[in-house]
Structure formats: structure tokens, C-alpha cells
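Encoded as C-alpha cells, the structure appears first; notes follow it.
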Amino acid sequence: MINKRLLSLVPNIAGSISKIVFFQWLCLVCNMVSTITICLFINQCYIKKSADLKTIFTMVIIILISIILRACFNKRHIKTAALLSQKAKSILRQDLFSHLSEIGQSYNQLVSTAEAVQVSVEGIDQLESYFGAYLPQLFYAVIAPVTLFVVISFLNIQAAVILLICVPLIPLSIIAVQKLAKKLLSKYWNEYTELGDSFLENIQGLTTLKIYEADEYKHKEMNIKAENFRKATMRVLIMQLNSISVMDIVAYGGAAAGIIAMLLCMNNGKAAFLEGIIIILLSAEFFIPMRQLGSFFHIAMNGTAAADKIFKILDTKAPEKGNLNTFPDYNIFMDNITFSYDQNQNVLRHISLKTENQGLYSLVGKSGCGKSTTAALLTGKLKNYKGNIFIGNKELSRYSEKALMNTITLINHNSYIFKGTIESNLKMGNKNAEKKELLNALKTVNLEEFPLNYAIAEQGSNLSGGQKQRLALARALLHDTPIYIFDEATSNIDVESENIIIKTVIELSKNKLVFLISHRLANVIGSDKIFVFENGFIAEEGKHNELLELKGIYSDLFNKQMYIENFVKGGTENEK
């Protein structure tokens, strides 16, 4: 069971495996030398009944040297195997990460996050034994019996042949279970990744589950998937234990056959005591390498099942990308854009909009009308649209993802805040930013009370929603790109944070192109142009006053929001 594709990923793997096998073979030679020396000593004492001090001393020295050398060779073999497996794991993880990076920010449309995590961590760890133990043992298990056969044949050819004939029975038993093992392990990994997907989703949505008291239902659902995984695991273990039992019977039975044959020869006077005891002590060595190969086989099968998952991700075709790295201009023109997530229902229908190099352009409308989808198309996160998107008079698909990332900054309502410090989060926007720049960014978003070394918990859980959004804004300001997109960046935050963000947005739009997606229409009043979405279409466009004069969709939404806000404000004042 050699996976050629796995081997091709690791440079000079043949040399590393050869070293491991060579050191294993040297260990075998040392073991044979020490065993034969012990047998000579027993023969000298038991049969000849004459062992002088010099002979005993010489034999003890030979045995000690053999033991020391074997320990050294074994250490080198283990070290070389560890280096090989670590190199293989490092290369595989690097290839996985590079491929996911190549797919880009839309990777989770093709590969689930849980599967990518499980395969790149535990899946690749399973391959440690494949590279460091199974592959070397595969070759050593062939060389060791041949070496022992050559040595033993000089002593008794009949016993040597019997032992050699029994050795291939172990790989035959391995081959017999290989097809079944592959099927069971494939199902095992499918159940494992499905359980991981479910667990990750439930952890991420735990707060929501608690709010709606749906945690018990999800708990039962998780229990069912966990039980399916347990059953798959038990089936794998039963298969492994049964095959190991078969290999044990073959190994110990073969050794017993060789020993019995040797004892019969000794009893019939066809073999001397010295020959007999050497063969008896070495007979187990015939089967130990092949027996270990059988044990490593099951680990290797688990690893290759994980490798199938790895290759599935690596074979996921990355979307075609452009090669343009610079923008001649930053004006945007979306021409007759239609887009669908599932090919059944269009989310956007014949969208056309145009902007200048700078200014504030707002996208408004009811939830689900296509605003965020438009933003995702502009950043390159979503592809396979119909129509054309031009930036600087060149089609969006012609630009490299790196160029887009360096030109467009997206700030949405749940921008991720990483565990670390204020400084480490800010420097993601600009790794070369000096302390003064970092402090200025914090001041702009009214977070100057936080020191740069302030420790942030996972997902920024020790910051309020407004503080997290303002920190995300400060990071975005340090990124300093020509185009900014604010996708509901002011939703679910306090009024103070909302005002700070909107003020910063307006200031940015004086020399940059800024898109603002907002459910609160009071925030878009000062826009250079407002695009009103409805059911995937742009139903209206124009400035605030122009849209109010139309007395259409925008006017209706705006007046309703103002009425509600004034009503709430009046109620609050009356309560006071």
C-alpha cells in the first residue's frame, strides 16, 4: 500500500527511507551477533563444559558492543524517521494552507471550515506513522527475513526454508483486509468530519441556541451523530483486532513450525546443539518485522483515508484569477449584473451602477434585497456573476486577488477581532505602522483610553460591541486603501459608536471611494448618490433630496424610520 502521490509531495523521500531501513538492518545485524555470541557461550558451557575467563570476557565484550551499537543505530533510525514525518507533515500543511489561500476568501463555499481544520490537524498527524514507520517497515520487512534466511541456511537449510515460506502469509492477510479497511476508514472519516461540522456550528451559535432554548434539541442531534461516529470507530477497531489476531497466529505459528522442525532435526541427530539453539532464538526475528508491518498497516490505512480527504481539498479547483496588479483608476461600473447563489433564484437582477473615483455611495433597502451580495461581488468574494464589473475601466476578473485586497477594504457588522493585543490587531491593517500611527487611529475612533498592549480575549469578548466595531474601523483606516465598503458596520452597536463610525465614513469619502450599506437611512443623508434596492433590482437612485421628491420607495422608508425614531425619542423625553 504505497500512495505515490503522497510520496511525490516530499523531496528526497527515497534517501530518507533508505537511511531508516539501513539503520534498522544494522540493528538486526547487531542483534544476530549478540544472539550467536550468547549461543556460543551456552554451547561452550553446556556441551564442551569448558569456558575459560578469557573466552567469557571476549564474549561479554562482543555482546556489550553489539548492544551499544544497536542502541545507537536505533536512535539514529528513530531520529531520521521523526525528521521525515515532520517534514512530510509540514509540507502537507503548507500545501493545504497555500491552496486554501489560493482559493481565497471564498474557500468556505467549496470546503467546510471544520473539515479543513480536522484534516489539516488530526488528519495530517495520522500520516506521521505512515511516513516514519509504515513505509520504512515495508522495505525492512522484506530485507530482514532474507538476511536471516541467508544466515540460517548455512546452519540448517530445511528450517530456513520453512521459516521463509511462512513469512509471506502475513502480507497476504494484510491484502485480504485492505479493501474492507479502506471502506470502513472512509466511512469513519466521513462521520468524523460531519460530527466536527455540527460541533463547530453549535459552538459558534451557542448563544442563539440558549436564547431560543434550542440547545437541548441540538444536544440530542449531536448525540445521534456522536453515536454514529462511535459505531464507525468500533467497526474499525473490530476489523483491526481481527486482522491482528490473524497475523499473530501466522507469526507465532510460523515461528513454532521452524522451532519444531529444528527440534526434530536435533532429535534425529541431523543438527548440532549449537545450530539448533541459534535457529530457535532467531526464528522469532523472521516474523517480528512483518508482524510490526501489520500493526503499522492499520495506522497507515487511517492515514491514507485522511490523505484522500487532503487530496480532495487540494484537488478543489481554485477559481480563475486575473493577473493585473495595479489599477489605472478607481471608478466602478457594474453593468447589467445578475447573480444567483443556487441557480434557482436570482438575488441580483440586472444591476447597473456607476461611481466616481471618490465620494460616498450608499446602498439601501429592505433586508435580503441584494445589498451585501453586491458588496461581496465588489470584493471578489463571490464570483460566477453574469454581466460585467469594471474597476478603472477593466473587468474585475482581470485583477489578482492580492490587488483587490490592497485596493478594497471591507468592514462588516461582525469584523473579526483576534485574541492578542490592541497593537497586534491594529498591525494587521499595516504591519509597518509606527506607534504614532497606531495611536492616531485609536484617537480617530475614540479608543485612545486603551493602551496598545491591552490584552484582548478571544473574538474580542472583553470589549463591547461598539468598541469591537471601532477597533475594526481603526484597523481598516491603517490599511489605507482607495476603496472602502461598510456593510452594516453600524448595526447592533451603541449610538456613540454609530456616530463615530458615520463621522469617520464621511471624512473618508472626501478623498476615497466609500460604499455605505446601512439599514438606518439617517446615516446616508449626505451621500453623493443613494442606490435603493428592492427584490434584487435598483429601483431608485439619486441624492437624498431627489429621492424624497420622487415620493417612492426611499421616501416611504425614510419617513417611516423618522416617525419611529421621533416617537421613541418623544417617549423617552416624556418618561424623563
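In this text the structure is predicted, and so the values were computed from the model without any measurement.
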Does the pair [X]/[Y] count as a salt bridge with the N-to-O cut at 4.0 Å?
{"X": "Lys218", "Y": "Glu221", "answer": "yes"}
{"X": "Asp335", "Y": "Lys386", "answer": "no"}
{"X": "Glu216", "Y": "Lys220", "answer": "yes"}
{"X": "Lys427", "Y": "Glu423", "answer": "yes"}
{"X": "Glu534", "Y": "Lys366", "answer": "no"}

Calculate, to the nearest 0.5 Å, the distance between atoms [atom1] and [atom2] belonging to [X] and [Y] respectively.
{"X": "Gln358", "Y": "Leu508", "atom1": "CD", "atom2": "CG", "value": "11.5 Å"}
{"X": "Tyr484", "Y": "Asp480", "atom1": "OH", "atom2": "CG", "value": "5.0 Å"}
{"X": "Lys87", "Y": "Leu92", "atom1": "NZ", "atom2": "CG", "value": "12.5 Å"}
{"X": "Leu516", "Y": "Asp487", "atom1": "CG", "atom2": "CG", "value": "9.5 Å"}
{"X": "Lys89", "Y": "Leu84", "atom1": "NZ", "atom2": "CG", "value": "11.5 Å"}
{"X": "Thr409", "Y": "Phe486", "atom1": "OG1", "atom2": "CZ", "value": "8.5 Å"}

Within the structure provided, determine whether [X] and [Y] are in side-chain contact (heavy-atom separation under 4.5 Å).
{"X": "Leu127", "Y": "Leu6", "answer": "yes"}
{"X": "Ile538", "Y": "Glu541", "answer": "yes"}
{"X": "Asn388", "Y": "Leu396", "answer": "no"}
{"X": "Leu438", "Y": "Glu434", "answer": "no"}
{"X": "Ile13", "Y": "Phe131", "answer": "yes"}

Q) Any donor and acceptor pair, going by atom type alone, linking the side chain of Glu540 with main-chain N or O of Ile553 inside 3.5 Å? A) yes
Q. With no hydrogens and no angle check, is any side-chain donor or acceptor of Thr379 less than 3.5 Å from a backbone partner on Ala376?
A. yes
Q: Determine, stepwise, if the pair Thr338 / Leu348 fulfils side-chain contact (heavy atoms from CB on, under 4.5 Å).
A: CA-CA 5 Å; Thr338 297; Leu348 296 179; 5.8 Å; no
Q) Just wondering, more than 12 heavy atoms not from His519 lying within 6.0 Å of its NE2? A) yes
(Q) Is it the case that atom OH in Tyr217 sees more than 12 heavy atoms from other parts of the structure closer than 6.0 Å? (A) no
Between [X] and [Y], is any side-chain donor less than 3.5 angstrom from a side-chain acceptor?
{"X": "Asp95", "Y": "Ser98", "value": "no"}
{"X": "Ser509", "Y": "Tyr361", "value": "no"}
{"X": "His219", "Y": "Asp215", "value": "no"}

Tell me the closest heavy-atom pair linking [X] and [Y], and the distance in Å.
{"X": "Tyr399", "Y": "Pro328", "value": "OH-CD, 3.6 Å"}
{"X": "Met405", "Y": "Thr481", "value": "O-CG2, 4.2 Å"}
{"X": "Leu547", "Y": "Ile530", "value": "CD1-CB, 3.6 Å"}
{"X": "Ala375", "Y": "Ile485", "value": "CB-CG2, 3.8 Å"}
{"X": "Asn346", "Y": "Ser340", "value": "OD1-CB, 3.4 Å"}
{"X": "Ser518", "Y": "Asn523", "value": "OG-ND2, 3.4 Å"}

Please list, one pair per line, the donor and acceptor atoms closer than 3.5 Å that link side chains of residues 350-357 to other protein atoms, with sequence neighbours excluded.
residue : atom : partner : partner atom : Å
His350  : ND1  : Asn336  : OD1          : 2.9
Ser352  : OG   : Asn336  : N            : 2.8
Thr355  : OG1  : Ile332  : N            : 3.1
Asn357  : OD1  : Tyr330  : N            : 2.8
Asn357  : OD1  : Asn331  : N            : 3.1
Asn357  : ND2  : Asp329  : OD1          : 2.6

**Q.** side-chain contact (heavy atoms from CB on, under 4.5 Å) assessment of Asn446 paired with Glu496
**A.** CA-CA 10 Å; Asn446 201 24; Glu496 180 190 358; 3.1 Å; yes
Q | Sequence neighbours excluded - side chain to side chain donor-acceptor pair (under 3.5 Å) pairs with any residue from residues 449-474 | A | Ser464-Gln467, Arg470-Ser497
Q: If the plane angle is over 60° it's perpendicular, under 30° parallel, otherwise tilted; pick one for Tyr554 and Phe558.
A: parallel
Q. Would Arg520 and Glu498 satisfy salt bridge (Lys or Arg N to Asp or Glu O under 4.0 Å), going step by step from the backbone distance to the final call?
A. CA-CA 10 Å; Arg520 186 164 180 257; Glu498 181 179 10; 3.4 Å; yes
Q.
I'd like to know whether the aromatic ring centres of Tyr416 and Phe418 sit less than 6.0 Å apart in this structure.
A. yes
